[in-house]
Amino acid sequence: MDLGEALSWQGELTCIRHDQDSGAWFVIALDSTRRGPAAGGTRAMTYPSLGDAVADASQLASAMTLKMAITDLPMGGGKSVLVLPRPRAELDEATWRRILELHAANLESLGGSYVTGPDVGTSSRDMDLLGRSTAHVFGRSLDAGGAGSSAEMTAHGVFAAIKAATTEAGRPDLPGQRVLVQGLGAVGARVADLVAAQGAELLVTDVDPARCTSFQDLGAHVVAPDQATSTACDVFVPCATGGVIDITIARSLPAAVVAGAANNVLTERAAAAVLGQRGVVYAPDFVANAGGAVHLVGREVLGWSAETVQRRTAQLGDTLHKIFSDARARDVTTDQAARDLARERLSEPPVA
Ligand code: NAI
Ligand code: PHE
């Protein structure tokens with residue numbers, strides 16, 4: 001995507017910076033501060049072009065606005081992208097630290113209108129490093145005074161979404177159902193554990209085969225990454241990157257339910273309509289994966305206890321039931337019903 005196209009986005013602010021020494025680009029997109037400071041993670045990876053990185057940051061920032069609104073958290077939506085000159089695993093520690101220091105300086109210059117946190121390619125340890133130079137960081141480790149990783153609560157939220165969506169699909173009991181988890185990282189591995197503990201038949205896939213081994217040892221069936229969306233299952237759980245389901249895949253996906261953590265899992269909103277026409281129940285991503293935001297904002301901004309965070313995360317299942325029922329009543333997609341509910345809340349003052 002060219003840069004001009006990427007910048008036609010209607011968010012509040014896009015900041016772009018380049019560092020000649022490391023070759024990294026820094027993109028911060030603030031979609032909305034209507035409900036509070038914009039919040040959203042820092043994604044660190046390589047991109048085909050700067051335009052693709054800006055488009056990714058913008059679309060992910062918009063998803064964060066919807067996520068914060070639908071969970072009634074007093075934050076807006078934003079996202080940062082660190083466009084690495086080469087894959088993170090190939091960067092030496094000094095270069096990575098330099099990139100984080102520059103990112104922290106960028107966060108400081110925004111004066112708290114944007115607060116970051118972990119995302120793909122960054123961890124609590126990286127948030128600790130950022131936290132040495134700026135206070136505008138969620139998800140530092142517990143030792144450093146933060147709420148720790150958001151992955152566990154994200155996984156619990158995805159599990160609540162799976163239960164809500166399978167119930168909507170008329171197959172509420174997980175034992176015996178084939179559940180395919182795509183991406184066994186911080187969130188996906190935990191979701192796989194949760195569904196396996198319920199007696200589901202587990203199928204797993206990851207581009208890093210080592211991540212599949214422990215699940216294979218426990219009896220999971222390993223699927224090749226390029227077969228993820230063509231392997232028959234009851235529940236497809238995308239927990240890798242976004243852009244997994246386009247219209248063509250939506251027409252053929254051999255699953256009854258889609259519920260996972262990956263942000264912006266649909267390449268276009270029309271894919272939700274195709275899934276719906278085929279009777280596939282789609283749990284909108286920004287609801288299914290909101291447990292991490294509930295954890296970070298709940299613990300670090302609202303002072304919630306771990307029990308309150310768990311309760312609010314489990315309630316994502318109730319929110320999904322409401323969305324499914326509204327979608328049925330109005331004959332709109334579940335994605336549309338979720339966006340409408342979020343927009344309704346965006347027009348109200350935040351109530352945490
Ligand atoms: P992660 O980086 O720990 O794990 C991602 C996993 O997906 C890795 O194991 C990677 O090897 C695998 N992967 C990448 N491309 C793949 C492909 N094409 N096929 C199969 N596997 C592939 O990331 P994390 O934190 O687990 O996040 C997963 C997704 O959930 C991301 O899209 C993220 O934006 C989203 N998310 C994460 C939250 C969190 O709290 N960590 C909160 C909300 C959303
Ligand atoms: N990156 C995660 C998400 O997409 C967790 C996160 C939430 C990070 C809120 C920062 C702020 O939900």
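All values below were derived from every heavy atom in this structure, side-chain atoms included, with hydrogens, water molecules and symmetry-related copies excluded. Numbering of residues begins at 1 and proceeds along the displayed sequence. Numbering of ligands and ligand atoms starts at 1, following listing order.
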Heavy-atom contacts with [X] under 4.0 Å: which atoms of ligand 1 show up? List them by number with element.
X	value
Arg211	8 (C), 9 (O)
Val120	31 (C), 33 (C), 34 (O)
Ala261	30 (O), 35 (C), 36 (N), 44 (C)
Ala151	40 (O)
Asp119	34 (O)

> Within the distance-only criterion (no hydrogens, no angle test), does the side chain of Asn263 pair as donor or acceptor with the backbone N or O of Leu60 below 3.5 angstrom?
Replying inline: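 No; zero donor-acceptor contacts below 3.5 Å.
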>> Check contact between Arg43 and ligand 1, using heavy atoms of the residue and a distance below 4.0 angstrom.
In response: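 Yes.
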> Does some non-hydrogen atom of Cys239 fall short of 4.0 Å from ligand 1?
Replying inline: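 The answer is yes: ligand 1 sits under 4.0 Å from a heavy atom of Cys239.
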>> At under 4.0 Å between heavy atoms, is it the side chain or the backbone of Asn263 that contacts ligand 2, or both, or neither?
In response: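 Side chain only.
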> Counting heavy atoms only, which part of His295 comes closer than 4.0 Å to ligand 2: side chain, backbone, both or neither?
Replying inline: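 His295 to ligand 2: no contact under 4.0 Å from either part.
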>> Please check if the number of heavy atoms outside Asp331 that lie under 6.0 Å from its CG is greater than 12.
In response: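 No, because the 6.0 Å sphere around CG of Asp331 holds 12 heavy atoms or fewer from other groups.
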> More than 12 non-hydrogen atoms from neighbouring residues, nucleotides or ligands closer than 6.0 Å to CD on Glu93, yes or no?
Replying inline: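 Atom CD in Glu93 is packed in, count exceeds 12.
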For [atom], closest protein heavy-atom neighbour:
atom	answer
atom 6 (C) of ligand 1	Gly185 N, 3.7 Å
atom 19 (N) of ligand 1	Val207 CG1, 3.7 Å
atom 29 (C) of ligand 1	Ala240 O, 3.1 Å
atom 42 (C) of ligand 1	Thr154 OG1, 3.3 Å
atom 6 (C) of ligand 2	Leu296 CD1, 3.6 Å

Should [X] be counted as touching ligand 1, given the test is an N or O pair under 3.5 Å?
X	value
Asp206	yes
Lys67	no
Pro225	no
Ala186	yes
Asp208	no
Asn289	no
Gly121	no

>> Under 6.0 Å from the ring centre and within 45 degrees of the ring axis: does the NZ or CZ of Arg17 meet both conditions for the six-membered ring of Trp25?
In response: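 Cation-pi check for Arg17 and Trp25: fails.
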> If hydrogens are left out, which of Gly41, Ala293, Ala262 has an atom nearest to atom 8 (C) of ligand 2, that is, the closest non-hydrogen atom?
Replying inline: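 Nearest option to atom 8 (C) of ligand 2, by heavy atoms: Gly41.
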> Among Val187, Val158, Asp226, Asn264, whose heavy atom sits nearest atom 41 (N) of ligand 1?
Replying inline: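 Looking at heavy atoms only, Val187 sits closest to atom 41 (N) of ligand 1.
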> Taking only heavy atoms of Met68, which atoms of ligand 2 are found under 4.0 Å from at least one of them?
Replying inline: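 Once the distances to Met68 are compared, the set is 9 (C).
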>> Quick check on contacts: which atoms of ligand 2 are under 4.0 angstrom from a heavy atom of Gly40?
In response: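 Selected atoms, number and element: 10 (C), 11 (C).
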> What do you reckon, does Asp119 have a nitrogen or oxygen under 3.5 Å from a nitrogen or oxygen of ligand 2?
Replying inline: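 By distance alone, the answer is yes.
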>> For ligand 2 and Gly117, I'd like to know whether there is a polar contact (N/O to N/O, distance under 3.5 Å).
In response: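 No, since none of the N or O atoms of Gly117 sits under 3.5 Å from an N or O of ligand 2.
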Using a strict threshold of under 4.0 Å (side-chain N to carboxylate O), is an ion pair present between [Y] and [X]?
X	Y	result
Arg125	Asp128	no
Asp126	Arg140	no
Glu101	Arg132	no

>> Quick one, Arg330 with Asp326, criterion salt bridge (charged side-chain N to carboxylate O under 4.0 Å, His left out). Give me CA distance, side-chain angles, the key distance, then yes/no.
In response: CA-CA 6 Å; Arg330 293 196 291 130; Asp326 181 44; 3.0 Å; yes
Sub-4.0 Å heavy-atom approach of [X] to ligand 2:
X	result
Lys67	yes
Lys79	yes
Ala63	no

List the atom of [X], the atom of [Y], and the distance in Å for their closest heavy-atom pair.
X	Y	answer
Leu184	Arg211	CD1-O, 3.4 Å
Arg299	Ser305	NH1-C, 3.0 Å
Val115	Pro37	CG2-CB, 4.4 Å
Asp285	Val265	OD2-N, 3.0 Å

>> Starting from Val120, can I reach Leu82 by hopping between I/L/V/M/F/W/Y residues whose side chains sit under 4.5 Å apart?
In response: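 Per the 4.5 Å side-chain linkage, Leu82 and Val120 are not co-clustered.
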>> Side-chain heavy atoms nearer than 4.5 Å, only ILVMFWY residues, links allowed to pass through others: does that put Leu110 and Met75 together?
In response: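 Hydrophobic grouping puts Leu110 apart from Met75.
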> Does the side chain of Tyr114 come under 3.5 Å of the side chain of Thr116 through a donor N or O and an acceptor N or O?
Replying inline: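 Looking only at side-chain atoms, Thr116 and Tyr114 do form a donor-acceptor pair, the distance falling under 3.5 Å.
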>> Assess the residue pair Asp234 and Arg178 against the criterion (salt bridge (charged side-chain N to carboxylate O under 4.0 Å, His left out)); give the C-alpha distance rounded to whole Å, side-chain angles, the decisive distance to 0.1 Å, and a yes or no.
In response: CA-CA 5 Å; Asp234 298 292; Arg178 285 164 66 87; 5.6 Å; no
> Step by step, would you call Asp318 with Lys322 a salt bridge (charged side-chain N to carboxylate O under 4.0 Å, His left out)?
Replying inline: CA-CA 6 Å; Asp318 303 331; Lys322 185 174 166 162; over 6 Å; no
> When you look for heavy atoms under 4.0 Å from ligand 1, do you find them on the side chain of Leu184, its backbone, both, or neither?
Replying inline: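 Looking at Leu184 and ligand 1, just backbone atoms fall under 4.0 Å.
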